[in-house]
Amino acid sequence: MRSLPILPIRIAAAVMLAALPVSVASQAAAPQVVTRQDLADAYQLVDSLVSVRPIPAARRSDWNQRFDRTTLAFLSGDLGRTLREMHGLVAEMIGDTAAAGPTRQVLPLRIEPGQRILVTGRDRALEVSATVRYLVPGTARVPRELTVRVRDSQGAVLIRGTLVVPAAFGPGAAATITLDAAPIINGAGRYRLEASMEGTTLAIGTDIHVLGESADDIRARLLRQIAALPASVDPQDRATVRARAELITESPNSAQSAQFLASPTALAAEVGREVAALAAGRKAYELRTGDYWRVIGGPSGPIPARLFAPRAVTLGSAVPVVIALHGAGADENIFFEGYGNGRLRALADSVGFILLTPQTTPFGADAAALDSALTALERLYVIDRNAVFVIGHSMGGAAAVKLASERRAAVRAAVVVAGVGAVPANGQMSPTLFIGAGTDLVIPPARVRAAYQQAVTAGALAEYQEAEGWGHTLVVGARIDDVVRWLFSR
C-alpha cells in the first residue's frame, strides 16, 4: 500500500545522476485543484505525526480542534481550505511555524510523475511535476528550489535532480523536470519519488513502479483469464479477483483510494496467482493471512472491504472477528492507513482476531449486511460466532448502534467512538461503550453522552467514557487500544 511521506529524510548511500534540462510549463488554474488523494495524503501525514510524536498535553485541545475544523471544511466541500489548514497544523507539529518557512513553502506542492508506472523496454525518462495547489495567505511569492530524489525500497537514492517552481506560479500551474530513468528501468518493483526543500525535514512525494509490461495490458490479460474461469468458481471469489484486477491501472482515479493506494507491482503478481489457483480448481482466498483488499456480498450488491487475518487462522481453531466501520467521507481503507497509523491492524495481529473494514453505508442502511459479511468470512475461515465485535466511528457509530440493536444475538459487544445512533426504546442491544471526544466540534461529547444516557434509561448495558482533549477524528487512534481491551473483556 501507499507509503507515508518520509520524516525525517533517511541518509543512505546513493547513486546520483544529474537531471536532464528543466522545462517549465504553466497551466490554467483548474476549478478544483485539490483532490481526494491530496486530502488522503495530508490526513495520513497528520495521523502519522500524532502516532510517532505524541501531542504535548498543553496543545492537545487546540490541535484537535484545529483538525476538526478541517473536517468541517471538508464536509462543506471546501477542499482547498481543508488542505491549507491541515498543512498549517503539520507545519506547527514539526516546529516550522513561519508562514514563509520551507515547510509551508513545500507543502502546497503536489509532486507526481508523468507516469506512475514505467515499463522496461518502453520508457527511458521519468517526468516529474510540482503543481501548486494553493497559495499561503499573506506570504510573498518566491521561487522554490526542490531537490527531487528517487529511492529504492532500502532508501538508497538512485536518481536526483533539481526542480524550480517560479515565483509567479499560482494554483494549477506546474513546473516539470525530466530525469534519466536508466538506474531503475530494469529493476521491477516499487520506488519512492520525493522532493524536499532546504531547511525542512519533510519530504513530499508518491510511489512509482517499474513493470515488465503496461499495467493496462496486465489488467486486460487478467480480466480475459477471469472471464474464462469455469462456472464452478465460487461467485464471491470470482467477484473479488475481478475487482482486484480492476485496481491495476496506469492512471488511478484520485477519487478512488483503493486504486491509488494499491501497489500495481504487488497486485499484478498476487492476482496472477489467484487467477491460476481458481483456474486449477483451488481456493484462492481460503485461510489467507495478512492484509488484502476484496469485496464481500451484500444485500444490495458487492461491498468493498479491507481484510486482515492473523496467523492463528491457519491453526483450525475458531478466531474472533472485529468489524470496524468508518466515518463519513472516509472509506474501507482508513482503519488500515489511518486512525492511529493503522493501529487496529497491528492489534488484530497481536491479539489474534480477523479484522474486516467494509464501506459503512451498506451496514447503516441494512443490518443484513452483517449477516452477509459473517457468511463470507465463514467461507474463508473458522470464525468464533460468539466473539463478533463491532467498532464504529462517527457515521460508523450510528451503524454500530444499528447492528448492536438489530443483530443483538450476533454482536457480542460494540463501541461507538464520537458518534450517536438510534438506541432502541426497549433497550435490547448488545453491551455498548460510547466514547465522547472532549473537544469534538463535529459531534460534541454532550450528544454522545445523551445517546449513552438514552441507552441506559431504556435498560441497555452501556458505558460512557470521555477522551479529554481529543477531537472528532484523532480520538480514534488515541483510544483504539482501550477500545479493543474493552471489547475483549466482555
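In this text, all values refer to a predicted model and were calculated from it rather than measured experimentally. Index from 1, following the sequence.
Using a 4.0 Å cut-off between charged side-chain N and carboxylate O, E274 and R288 make a salt bridge. With salt bridges taken as basic N to acidic carboxylate O contacts below 4.0 Å, one links E112 and R110.
Looking only at side-chain heavy atoms (C-beta outward), P362 and P299 stay at 4.5 Å or farther from each other. Using a 4.5 Å cut-off on side-chain heavy atoms (C-beta onward), W293 and L261 make no contact. For the pair L202 and I94, the minimum side-chain heavy-atom distance is below 4.5 Å. Residues Y191 and V210 form a side-chain contact, since some pair of their non-hydrogen atoms from C-beta on lies under 4.5 Å apart. The shortest side-chain heavy-atom distance between R311 and D349 falls under the 4.5 Å cut-off. Side-chain contact check for I383 versus V319: every heavy-atom pair is 4.5 Å or farther apart. Using a 4.5 Å cut-off on side-chain heavy atoms (C-beta onward), V90 and V46 make contact. Side-chain contact between E246 and L223 is present, with at least one heavy-atom pair separated by less than 4.5 Å.
Of all non-hydrogen atoms in A404 and A414, the two that sit nearest each other are CB-CB, 4.1 Å. Considering all non-hydrogen atoms of both residues, A268 and L222 come closest at O-CD1, 4.5 Å. The minimum heavy-atom distance between F67 and T473, with the atom names listed, is CE2-CB, 3.7 Å. Of all non-hydrogen atoms in A373 and I296, the two that sit nearest each other are CB-CD1, 3.8 Å. Pairing each heavy atom of N253 with each of F260, the nearest pair is O-CD2, 3.6 Å. Looking at every heavy atom in both residues, V271 comes nearest to V241 through CG1-CG2, 4.0 Å.
Among the candidates L487, V484, I323, V415, the single residue satisfying the side-chain contact (heavy atoms from CB on, under 4.5 Å) test with F389 is L487.
No donor-acceptor pair under 3.5 Å is formed between the side chain of R242 and the backbone N or O of I226. When atom types are taken as modelled, the side chain of D68 and the backbone of L441 share a donor-acceptor pair closer than 3.5 angstrom. With hydrogens and angles disregarded, a donor-acceptor distance shorter than 3.5 Å links the side chain of D47 to the backbone of G340. Between the side chain of D440 and the backbone N or O of I443 there is at least one donor-acceptor pair closer than 3.5 Å. In this structure, R306 contributes its side chain and E332 its backbone to no donor-acceptor pair below 3.5 Å. Judged by distance alone, the side chain of R412 and the main-chain N or O of R490 form a donor-acceptor pair under 3.5 Å. T439 places a side-chain N or O within donor-acceptor distance of the main-chain N or O of W470, the cut-off being under 3.5 Å. Judged purely by atom type and a 3.5 angstrom limit, S129 has no side-chain atom pairing as donor or acceptor with the backbone of A174.
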Walk me through whether L39 and R36 qualify under side chain to side chain contact (heavy atoms under 4.5 Å, CB included). CA-CA 5 Å; L39 298 180; R36 181 180 175 87; 5.7 Å; no

Using the rule given for side chain to side chain contact (heavy atoms under 4.5 Å, CB included), can you reason through S214 versus E250, listing the C-alpha separation, both sets of side-chain angles and the distance that settles it, and then say yes or no? CA-CA 7 Å; S214 158; E250 295 273 337; 3.1 Å; yes

Evaluate the criterion side chain to side chain contact (heavy atoms under 4.5 Å, CB included) for residue pair I435 and V448; output intermediate values, then yes/no. CA-CA 7 Å; I435 297 178; V448 183; over 6 Å; no

Before giving the answer on side chain to side chain contact (heavy atoms under 4.5 Å, CB included), spell out for L307 and L377 the whole-Å C-alpha distance, their side-chain angles and the decisive distance to 0.1 Å. CA-CA 10 Å; L307 175 63; L377 290 176; 3.9 Å; yes

Under the criterion salt bridge (Lys or Arg N to Asp or Glu O under 4.0 Å), I'd like the reasoning laid out for E270 against R244: C-alpha separation, chi angles, the key distance, then a yes or no. CA-CA 9 Å; E270 292 173 7; R244 286 169 59 76; 2.8 Å; yes

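Considering CZ of R238 and OG1 of T240, their distance stands at 12.0 Å, rounded to 0.5 Å. With rounding to the nearest 0.5 Å, the separation of CE in M429 from CZ in R408 is 10.0 Å. Taking CZ of R407 as the start and CG of L374 as the end, the distance is 10.0 Å to the nearest 0.5 Å. Distance CD/Q115 to CD1/I208: 10.5 Å, rounded to 0.5 Å. Interatomic distance, CG of L433 versus CD of E463, reported as 6.0 Å (0.5 Å rounding). Here the CD1-CZ distance, from I111 to R149, works out to 11.5 Å after rounding to the nearest 0.5 Å.
Around CD of E468, the count of heavy atoms belonging to other residues, nucleotides or ligands within 6.0 Å does not exceed 12.
Side chains of T35 and D38: a donor-acceptor N/O pair is present below 3.5 angstrom, by distance only. Looking at H326 and T357, their side chains never bring a donor and an acceptor atom within 3.5 Å of each other. Between the side chains of Q465 and W486, not a single donor N or O lies within less than 3.5 Å of an accepting N or O. T200 and D96 form no side-chain donor-acceptor contact under 3.5 Å, judged by distance and modelled atom types alone.
Residues meeting the side chain to side chain donor-acceptor pair (under 3.5 Å) test with N64, sequence neighbours left out: none.
The cationic atom of R345 (NZ for Lys, CZ for Arg) does not lie both less than 6.0 Å from the six-membered ring centre of F308 and within 45° of the ring axis.
Below 30°, between 30° and 60°, or above 60°: for H393 and H472 the angle between ring planes is between 30° and 60°, a tilted geometry.
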